[in-house]
Structures are given as C-alpha cells and as structure tokens.
Student: 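For reference, the structure I am asking about is given below.
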Amino acid sequence: MNTEKDLRVSVLLDYYAPMLTDKQRDVIDLYYNEDLSLSEIAEHEGITRQGVRDSIKRGEQTLYEMEEKFHLAERSEQYGNMMSRIAELAEGIRTDCAMYGNPKPILKRAENIAQLAEENKELF
C-alpha cells in the first residue's frame with residue numbers, strides 16, 4: 001500500500017459503497033474511516049494481510065471507476081461550492097442594501113436567495 005492514503009476514497013465510499021462487495025466495503029471502511037492497519041484489519045476479518053490489501057485495491061479501483069462514470073462526488077462538491085457562493089452573493093446584496101437605505105424588495109429577494117442556499121446545501 002502507499003504510505004499516503006488517498007482520503008478521496010473515503011468520500012467515494014459514501015457515494016458508491018453499494019457497488020462494492022461486502023468484504024471490500026468493510027475493509028475499505030476499516031482502513032480509511034477507522035484508520036486500522038492492514039494487519040489489524042486482517043485479524044479483524046480473519047484473512048491474510050495480502051488479502052486485505054488486494055480487497056482494498058480492487059475496491060478502490062471500483063470506486064474510482066464509478067466516479068469516472070457518474071461524477072457524483074465531483075458534482076456534489078461543485079454543488080456545495082455553488083451554494084456557498086450564492087450565500088456569499090446574497091450577503092453582499094444585503095450589505096449593499098444597508099449602504100443604500102435598505103430597498104425592501106431587493107433585500108427581500110436577497111433573503112430568499114440566502115434561505116434557498118441554506119436549505120439546499122445538504123442535498124448531496
């Protein structure tokens with residue numbers, strides 16, 4: 001295994017776990033989310049250290065392939081960034097409104113935009 005873990009695998013597991021075998025899902029979860037060593041996982045799962053390594057590698061490959069096809073994690077990140085940007089813009093409108101005498105219709109729209117961004121930031 002690489003000494004550096006690709007922590008993106010943990011995120012991909014959230015999206016594509018059902019595409020893995022139970023064994024792959026379990027060992028990847030233990031390795032990335034529980035931070036267990038290959039030896040600890042082998043003991044826990046009753047398989048060899050090499051078996052753990054192979055299962056992790058096959059599972060990682062499946063996760064990467066699923067993301068390449070469906071882009072769910074990438075789209076989710078983009079969506080979250082977009083919601084944050086919308087909230088920032090709405091706050092900027094509120095600030096500008098305060099400087100120019102709080103035109104109520106504009107301020108109300110900014111508040112609605114901010115509320116929509118807040119309500120929808122957890123959709124993915």
Side-chain angles (χ1 to χ4, degrees):
M1 301 292 308
N2 294 338
T3 57
E4 293 291 319
K5 290 182 182 178
D6 182 355
L7 297 181
R8 190 173 73 125
V9 171
S10 183
V11 172
L12 295 178
L13 188 62
D14 291 339
Y15 289 95
Y16 303 112
M19 305 304 288
L20 301 176
T21 66
D22 291 341
K23 181 70 73 180
Q24 288 171 340
R25 187 172 40 253
D26 291 344
V27 297
I28 288 174
D29 179 58
L30 291 171
Y31 186 70
Y32 283 97
N33 296 332
E34 302 299 325
D35 202 29
L36 296 182
S37 70
L38 297 180
S39 298
E40 290 169 323
I41 297 168
E43 184 178 322
H44 183 271
E45 295 293 314
I47 59 177
T48 66
R49 188 178 178 282
Q50 184 62 42
V52 171
R53 183 188 181 286
D54 292 345
S55 189
I56 289 172
K57 285 299 181 188
R58 282 192 303 275
E60 287 173 341
Q61 185 61 37
T62 298
L63 293 173
Y64 292 134
E65 288 172 3
M66 291 296 104
E67 179 62 10
E68 186 67 30
K69 288 179 184 177
F70 300 111
H71 305 283
L72 295 179
E74 178 186 347
R75 288 179 183 156
S76 179
E77 182 179 357
Q78 290 172 345
Y79 182 79
N81 291 340
M82 180 182 62
M83 287 295 111
S84 294
R85 183 67 180 133
I86 288 170
E88 289 171 12
L89 292 170
E91 184 58 35
I93 293 170
R94 281 194 215 123
T95 300
D96 290 348
C97 284
M99 287 177 44
Y100 297 106
N102 287 327
K104 291 202 187 298
I106 296 171
L107 186 58
K108 183 66 175 166
R109 287 188 191 113
E111 289 169 356
N112 289 339
I113 291 169
Q115 182 179 356
L116 282 171
E118 182 64 27
E119 290 170 356
N120 291 289
K121 72 180 178 181
E122 298 297 326
L123 279 179
F124 280 89

Student: Please walk me through it: do Tyr16 and Thr62 pass side chain to side chain contact (heavy atoms under 4.5 Å, CB included)?
Tutor: CA-CA 9 Å; Tyr16 303 112; Thr62 298; over 6 Å; no

Student: Are Leu116 and Tyr79 co-members of a hydrophobic cluster defined by side-chain heavy atoms under 4.5 Å apart?
Tutor: no

Student: Working to the nearest 0.5 angstrom, can you tell me the gap between Glu111 CD and Glu118 CD?
Tutor: 14.0 Å

Student: If you count heavy atoms of other groups shown closer than 6.0 angstrom to NE2 of His44, is the number above 12?
Tutor: no

Student: Please report the interatomic distance CZ(Arg58) to CG(Leu20), rounded to the nearest 0.5 Å.
Tutor: 11.0 Å

Student: Quick check: are there more than 12 heavy atoms from other residues, nucleotides or ligands sitting under 6.0 Å from CD of Glu77?
Tutor: no

Student: In chain order, what residues pass the salt bridge (charged side-chain N to carboxylate O under 4.0 Å, His left out) check against Lys23, with sequence neighbours excluded?
Tutor: Glu45

Student: Check Pro18 against Arg25 and note the closest heavy-atom contact, atom names and distance.
Tutor: CA-NH1, 3.9 Å

Student: Can you tell me how far OG of Ser55 sits from CD1 of Ile47, rounded to the nearest 0.5 angstrom?
Tutor: 6.0 Å

Student: Quick one: pull up CG in Asp96 and CG in Leu107 and give me the separation to the nearest 0.5 Å.
Tutor: 11.0 Å

Student: Can you name the closest pair of heavy atoms from Tyr32 and Ser10 and give their distance?
Tutor: CB-CB, 4.3 Å

Student: Using the salt bridge (Lys or Arg N to Asp or Glu O under 4.0 Å) rule, collect all pairs that involve residues 27-37, keeping only residues at least two apart or in two chains.
Tutor: Lys5-Asp35

Student: So, does Ser84 use its side chain to make a donor-acceptor pair with the main chain of Gly80 at under 3.5 Å?
Tutor: yes

Student: Taking the side chain from Glu40 and the backbone from Ser37, do they hold a donor-acceptor pair closer than 3.5 Å?
Tutor: yes

Student: Is there a donor-acceptor pair under 3.5 Å between the side chain of Glu74 and the backbone N or O of Glu67?
Tutor: no

Student: Membership question, hydrophobic clusters at under 4.5 Å side-chain separation (ILVMFWY): are Ile106 and Ile113 in the same one?
Tutor: no

Student: In sequence, state the C-alpha distance, the side-chain angles, and the governing distance for Tyr64 and Arg8, and then conclude on side chain to side chain contact (heavy atoms under 4.5 Å, CB included).
Tutor: CA-CA 9 Å; Tyr64 292 134; Arg8 190 173 73 125; 3.2 Å; yes

Student: Measure the CD-CD distance between Glu119 and Gln115 for me, rounded to the nearest 0.5 Å.
Tutor: 4.5 Å

Student: Check whether any side-chain N or O of Glu60 sits under 3.5 Å from a backbone N or O of Val9 as a donor-acceptor pair, and report yes or no.
Tutor: no

Student: What distance do Arg53 atom CZ and Tyr31 atom OH have between them, rounded to the nearest 0.5 Å?
Tutor: 9.5 Å

Student: In the structure I gave you, are the side-chain heavy atoms of Leu12 and Met66 within less than 4.5 Å of one another anywhere?
Tutor: no

Student: Quick one: does any side-chain atom of Gln24 pair with a main-chain N or O of Ile56 as donor and acceptor, under 3.5 Å?
Tutor: no

Student: Are there over 12 heavy-atom neighbours, none belonging to Gln50, within less than 6.0 Å of that residue's CD?
Tutor: yes

Student: Identify all side-chain donor-acceptor contacts of residues 85-94 below 3.5 Å with residues at least two apart in sequence or on another chain.
Tutor:
unit_1: Arg85; atom_1: NH1; unit_2: Glu88; atom_2: OE1; d: 3.3
unit_1: Glu91; atom_1: OE1; unit_2: Arg94; atom_2: NH1; d: 2.6

